[in-house]
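Quick caveat: nothing in here was measured; it's all calculated off a predicted structure. Letters A, B, ... are given to chains in the order of the sequence lines, protein chains preceding strands, and every chain is numbered from 1.
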Number of protein chains: 2
Amino acid sequence: MEFDDKVPIYYQIKTVIYDQIIAGQLAPGDKLPAIRQLAVSLTVNVNTVQRALREMIDEGVVISQRGRGNFVTSNAEIVEQLKQELIDRYLKQLYDQLHRLNISDEQIVNEVTAYIERQGDLNDDNTES
Amino acid sequence: MEFDDKVPIYYQIKTVIYDQIIAGQLAPGDKLPAIRQLAVSLTVNVNTVQRALREMIDEGVVISQRGRGNFVTSNAEIVEQLKQELIDRYLKQLYDQLHRLNISDEQIVNEVTAYIERQGDLNDDNTES
DNA sequence: ATTAGTGTACTATCTTTCTATTACACTATA
DNA sequence: TATAGTGTAATAGAAAGATAGTACACTAAT
């Protein structure tokens, strides 16, 4: 997998897995791929995967069972909460970024709408990027 | 200044300065604060500021004059181009992030609109955050 | 000519991240 | 009870980022 060299890899791995959980590709209670398997498929060291998992475990989103594997928490509330947190973080990020560029609230909505229009056109009946 | 410990400081400094240029706080041709001055006000080492400036110089946005100082390019086109690039990068970032969470185009617009509504309410006649 | 203010360069050291490697602990199953 | 599959721990080293400190080069003003 490709990583942004401006952000720690372990952190990007955490992001990827959280995204999969929130998108529903990993449902509550589901077993995650084995750590060594993840390391291979992400072409990354086992310890790096470990570090990502460590944080997800500490945050209560992943449950670790020695000898069995890592599982998404079966507490759907936690997942829903995580989803809200992430969405809000992402929105705040864009809002702050554009505000720093002196772009008004109204303009922000316009820019986002226009951007999505452009994307929609591109993907009307094409293959995704 | 406070930095996000997930992103290199030199890169965040670059972002801050670019934002100021685009927002018009630093107009084309303007002189930037002296490197040592920037280091103090950002509470960061001189070399770290240097590295940020190095990239901005390489990208043609900042002009360095030994013994005189660093200046924003007087080429307004470059600044405008930078602005478009940044806006597009920020929008793409949000779009990709929310798409990975399985949120539809329509929902994205709704979320952004709702977020900005909330912000607008907060700042109606209050001091900014 | 001197001096203050500027950018530039270089070396050494520290911290964080990532990797490599080895070893150990627990579970399930043949 | 072996064995394969899993998570966990720990050490050592490489690479990138950040710092501290020193020195040098150029400009403008006195």
Ignoring backbone atoms, establish whether T48(A) has a side-chain N or O less than 4.0 Å from OP1 or OP2 of dT19(C). yes
Q84(A) atom CD: more than 12 heavy-atom contacts under 6.0 Å: yes
Does one side chain, of E59(A) or Y18(A), offer a donor that lies under 3.5 Å from an acceptor on the other? yes
Figure out the CZ/C1' separation between F3(B) and dG17(D), and round it to whole Å. 13 Å
Roughly how many Å is it from CZ in R51(B) to P in dA16(D), rounded to a whole number? 9 Å
Could you state the atom-to-atom distance from CG of L42(A) to P of dC18(C) in whole Å? 12 Å
Output yes when D88(B) and R118(A) qualify as a salt bridge under the 4.0 Å nitrogen-oxygen rule, no when they do not. yes
Tell me the closest heavy-atom pair linking Y10(B) and A52(B), and the distance in Å. O-CB, 3.3 Å
Nearest whole Å is fine: how far is dT8(D) C1' from L38(A) CG? 15 Å
Give me the distances for all protein-to-nucleotides 7-10 of chain C N/O pairs that come in under 3.5 Å?
{"from": "dG7(C)", "atom 1": "OP1", "to": "N70(B)", "atom 2": "ND2", "distance (Å)": "3.0"}
{"from": "dG7(C)", "atom 1": "OP2", "to": "I35(B)", "atom 2": "N", "distance (Å)": "2.8"}
{"from": "dG7(C)", "atom 1": "O3'", "to": "S64(B)", "atom 2": "OG", "distance (Å)": "2.8"}
{"from": "dG7(C)", "atom 1": "N7", "to": "R36(B)", "atom 2": "NH1", "distance (Å)": "2.9"}
{"from": "dG7(C)", "atom 1": "O6", "to": "R36(B)", "atom 2": "NH2", "distance (Å)": "2.7"}
{"from": "dG7(C)", "atom 1": "N2", "to": "R66(B)", "atom 2": "NH2", "distance (Å)": "3.2"}
{"from": "dT8(C)", "atom 1": "OP1", "to": "S64(B)", "atom 2": "OG", "distance (Å)": "2.7"}
{"from": "dT8(C)", "atom 1": "O4", "to": "R36(B)", "atom 2": "NH2", "distance (Å)": "3.4"}
{"from": "dC10(C)", "atom 1": "N4", "to": "N47(B)", "atom 2": "OD1", "distance (Å)": "3.1"}

Nearest-angstrom distance from the residue atom OH of Y11(A) to P of dC18(C): 13 Å
Mind calculating the distance between CD1 (I63(B)) and P (dT27(D)) to the nearest angstrom? 16 Å
In whole angstrom, what separates K14(B)'s NZ from dG17(D)'s C1'? 15 Å
Please give, in whole Å, the distance from dG21(D) P to N45(B) CG? 9 Å
Should the pair D96(B)-K92(B) be classified as a salt bridge under the 4.0 Å nitrogen-to-oxygen rule? yes
Below 4.5 Å, heavy atoms only, C-beta onward: do Y95(A) and I108(A) meet side chain to side chain? yes
